Amino acid sequence: MTKEKEPIVITAMGAISPFGHGIDTLWSALKQGARCGTPMERVWSELQQSECPETPDNPGEPVWGMRVDSSKLVDLLGKRGLQYWRTGTKFLLGASVLAMQEAGLTSENVDPDGLGITIGSNLVGFQSMVDYDYTAITEGPHYTSPMEAPNTLANAPASHLAIRLKARALNTTVASGQCAGLDALGYAAKMVRDGRARQVVAGGVEELSPAALWVYLNARAISGGTLQKAGLPFAETSTGWLPSEGAAVVVLEQAKDALARGARPLAELAGWSSAFASSPSLEKRAAVLQRTARQALEAAGVSADEIDVVVSGANGLKGQDQAEALALRDLLAHNAHVSIAPVKGILGESYGASGLFQTLAAVCMMKHDLIVAAARKNDFLLTSATNETFTKALPWPENTQGTVLLLAQDLFGSASAIVLRRYND
């Protein structure tokens, strides 16, 4: 007889987002459908003056972004070392402090050798790298700051977090584009299941810097225009992503360990899968995303007909949204009760952090029995979607297991899927 696997559960969450510090501000924004955004005027003017070969479809119009107010992070983190950290590192440490507090994990009751870290992040160190190289080339290597050198590395946020938490079990940074958040979460669950760590802080973090925005512009993921037309999931009129920044964090551990220390599991991470589409064609990407979802569902031991909510990765970029729409129409063909919740229409596209923000949204929906920023499957029509299509708050369907599918796909072909469900002891 095969031994049944011990459930891997989420026991705490933390967030630093454009809506404020903590989970409550994030959940409030999702319930209200409250989008926010500011014109990135300074960054925009810098890019206009550069020799960037690619320009937006609407030159001269502002690029919009969702920014975090980081002025109060000092109250959460203290002043020590703060001046040497990138903004994204501050975001991650702030979200992690909140999560650890909610989990009831302190230096007195955590074994450093049993605490691990996995972080999804792509571009947090990119601006430091650009600035460092520019100074070295234009002024000379002796004008560069030794204190800035560590910030040029992709794993700088995770490394600073490990130092602060004294985590020694493992420290991994995943940089798989928009899939990084879900991949970091899936990898963390595997590390807990394999006994590599007792608890893992799994998070995602990105920051909006001139260098990051340059990447998004050149990838033709964003363009100038109005806020009302930016980042509308599945909408033909959308002008592309509404880029965002921030950090989202969860604490993962085995259910038996959580219950033994008196913690209350918030949700079970039941399945994870990832894949890569070797062809950029719409049909190929849709097929790979659907296969990834089915593999994650198989790992969780549930069928596509049992999904209650799909927390979609759709972000308002036409090609990506079309691929997901095709995948979902086939995947959910026989599921009559499922709802689609493309939360990036409210939260924005935070790249490597998006998967964790999707996770926080999913757990909050389970907790409150309320599906936000959503539409029922029968209302899910790619050609007629507008900025009002996915703003409804729907009650959770009755007599269901509480199963959520989270999806992500990257511009370059990667796909990831996570299955969450309510924890039943």
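Quick caveat: nothing in here was measured; it's all calculated off a predicted structure.
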Next on the checklist: Would you compute the distance between atom CZ of Arg164 and atom OG of Ser159 and round it to the nearest 0.5 angstrom?
Outcome noted: 15.0 Å
Checklist entry - Within a reach of under 6.0 Å around OH of Tyr134, are more than 12 heavy atoms found that belong to other residues, nucleotides or ligands? => result no
Next on the checklist: Are Trp27 and His368, when compared by the centres of their aromatic rings, separated by less than 6.0 Å?
Outcome noted: yes
Checklist entry - Just wondering, do Thr359 and Leu182 contact through their side chains at under 4.5 Å, heavy atoms? => result yes
Checklist entry - About how many Å separate CG of Leu93 and NE2 of His160, when rounded to the nearest 0.5 Å? => result 8.0 Å
Checklist entry - Ignoring hydrogens and geometry, is there a side-chain-to-backbone donor-acceptor pair from Ser96 to Leu92 under 3.5 Å? => result yes
Next on the checklist: Between Asn335 (side chain only) and Ala304 (backbone N and O only), is there a donor and an acceptor less than 3.5 Å apart?
Outcome noted: yes
Checklist entry - Between atom CG of Leu289 and atom NZ of Lys284, what is the distance when rounded to the nearest 0.5 Å? => result 12.5 Å
Item to check | Exam field: side chain Gln199 to backbone Leu115, donor-acceptor pair closer than 3.5 Å | outcome: no
Checklist outcome for this item: In this structure, CG of Asn315 is separated from OG of Ser354 (nearest 0.5 Å) by 7.5 Å
Next on the checklist: Evaluate Val310 against Leu406 for side-chain contact (heavy atoms from CB on, under 4.5 Å), listing each step before the verdict.
Outcome noted: CA-CA 6 Å; Val310 175; Leu406 291 80; over 6 Å; no
Item to check | Flag if over 12 foreign heavy atoms under 6.0 Å of CD, Glu398 | outcome: no
Checklist outcome for this item: What one should report as the nearest heavy-atom pair of Ala393 and Leu370 is CB-CD1, 4.1 Å
Item to check | Atom NE2 of His334: over 12 foreign heavy atoms under 6.0 Å | outcome: no
Checklist entry - Are the side chain of Arg35 and the backbone of Leu227 linked by a donor-acceptor contact shorter than 3.5 Å? => result yes
Item to check | Residue that, paired with Val311, satisfies side-chain contact (heavy atoms from CB on, under 4.5 Å) out of Val404, Ile340, Ile418, Leu360 | outcome: Val404
Next on the checklist: Before you tell me yes or no, could you show the steps for Gln32 and Ser28 under side-chain hydrogen bond (donor to acceptor under 3.5 Å, both in side chains), namely the whole-Å CA-CA distance, both residues' side-chain angles and the distance that decides it to 0.1 Å?
Outcome noted: CA-CA 6 Å; Gln32 297 171 15; Ser28 178; 3.0 Å; yes
Checklist entry - Can you find a pair of side-chain heavy atoms, one from Val215 and one from Phe126, that are under 4.5 Å apart? => result yes
Checklist entry - Ignoring hydrogens and geometry, is there a side-chain-to-backbone donor-acceptor pair from Arg261 to Asn109 under 3.5 Å? => result no
Item to check | Distance in Å, Ile371 CD1 paired with Asp369 CG, rounded so as to fall on 0.5 Å steps | outcome: 9.0 Å
Next on the checklist: Using modelled atom types and a 3.5 Å cut-off, is there a donor and acceptor pairing between side-chain atoms of Ser238 and backbone atoms of Ala235?
Outcome noted: no
Checklist entry - How far apart are the closest heavy atoms of Ala286 and Ala323, and which atoms are they? => result CB-O, 3.3 Å
Next on the checklist: If you compare all heavy atoms of Val288 against all heavy atoms of Ala275, which two are closest, and at what distance to 0.1 Å?
Outcome noted: CG1-CB, 3.8 Å
Checklist entry - Less than 4.5 Å apart, any side-chain heavy atom of Ile222 and any of Thr239? => result no
Checklist entry - Considering only heavy atoms from C-beta outward, does the side chain of Val205 approach that of Thr89 to under 4.5 Å? => result no
Next on the checklist: Using side-chain heavy atoms (C-beta onward) and a distance below 4.5 Å, is Leu165 in contact with Leu105?
Outcome noted: no
Checklist entry - Picking from Pro157, Pro150, Ser128, what satisfies side-chain contact (heavy atoms from CB on, under 4.5 Å) with Arg86? => result Ser128
Next on the checklist: Is it the case that the side chain of Asp257 and the backbone of Glu253 share a donor-acceptor pair, with hydrogens and angles ignored and the cut-off at 3.5 Å?
Outcome noted: no
Checklist entry - Using 4.0 Å as the upper bound for N to carboxylate O, is an ion pair formed by Arg193 and Glu6? => result no
Checklist entry - Less than 4.5 Å apart, any side-chain heavy atom of Thr118 and any of Leu185? => result no
Item to check | Electrostatic pair Arg422:Glu268 at N-O distance under 4.0 angstrom | outcome: no
Item to check | Polar side chain donor-acceptor pair, Glu349 to Ser244, under 3.5 angstrom | outcome: no
Next on the checklist: We want to know whether Glu207 and Ser209 form a side-chain donor-acceptor pair, criterion being a heavy-atom distance below 3.5 angstrom.
Outcome noted: no
Checklist entry - Given Ser312 and Glu324, is the side-chain hydrogen bond (donor to acceptor under 3.5 Å, both in side chains) satisfied, shown in steps? => result CA-CA 8 Å; Ser312 165; Glu324 182 166 339; 2.5 Å; yes
Checklist outcome for this item: Scanning both residues in full, the closest heavy-atom pair of Ile119 with Val201 reads CD1-O, 4.4 Å
Next on the checklist: I'd like to know if the side chain of Glu148 pairs up with that of Asn151 as donor and acceptor (distance under 3.5 Å, no hydrogens or angles considered).
Outcome noted: yes
Next on the checklist: Side chains of Leu356 and Val249, heavy atoms from C-beta outward: is any pair under 4.5 Å?
Outcome noted: no
Next on the checklist: Looking at every heavy atom in both Arg285 and Phe412, which two are closest together, and how far apart are they?
Outcome noted: NH2-C, 3.6 Å
Next on the checklist: Determine whether Tyr351 and Leu123 satisfy the following criterion, side-chain contact (heavy atoms from CB on, under 4.5 Å), listing intermediate values before the conclusion.
Outcome noted: CA-CA 9 Å; Tyr351 208 39; Leu123 300 174; 3.8 Å; yes
Checklist outcome for this item: d(Leu405 CG, Leu331 CG) to nearest 0.5 Å is 6.5 Å
Checklist entry - Hey, are Asp69 and Ser71 close enough side-chain-wise for a donor-acceptor pair under 3.5 Å? => result yes
Checklist entry - Quick check: does any side chain N or O of Lys344 sit under 3.5 Å from a backbone N or O of Gly313, one acting as donor and the other as acceptor? => result yes
Checklist entry - So, the side chain of Asp308 versus the backbone of Pro397: is there a donor-acceptor pair under 3.5 Å, distance only? => result no
Next on the checklist: Using side-chain heavy atoms (C-beta onward) and a distance below 4.5 Å, is Leu208 in contact with Arg67?
Outcome noted: yes
Next on the checklist: Pair Gln178, Trp241 - check side-chain contact (heavy atoms from CB on, under 4.5 Å), show working.
Outcome noted: CA-CA 12 Å; Gln178 288 159 274; Trp241 300 352; 3.5 Å; yes
Next on the checklist: I'd like to know whether Phe19 forms a side-chain contact (heavy atoms from CB on, under 4.5 Å) with Cys36, so could you lay out the CA-CA distance, the side-chain angles of the two residues, the decisive distance to 0.1 Å, and finally the verdict.
Outcome noted: CA-CA 8 Å; Phe19 304 101; Cys36 67; 3.8 Å; yes
Checklist entry - Do the side chain of Glu306 and the main chain of Ser303 share a donor and acceptor less than 3.5 angstrom apart? => result yes
Item to check | Taking every non-hydrogen atom, the tightest pair across Ser274 and Gln295 | outcome: O-OE1, 4.5 Å
Checklist entry - With Leu420, which of Ile10, Val9, Thr403 fulfils side-chain contact (heavy atoms from CB on, under 4.5 Å)? => result Ile10
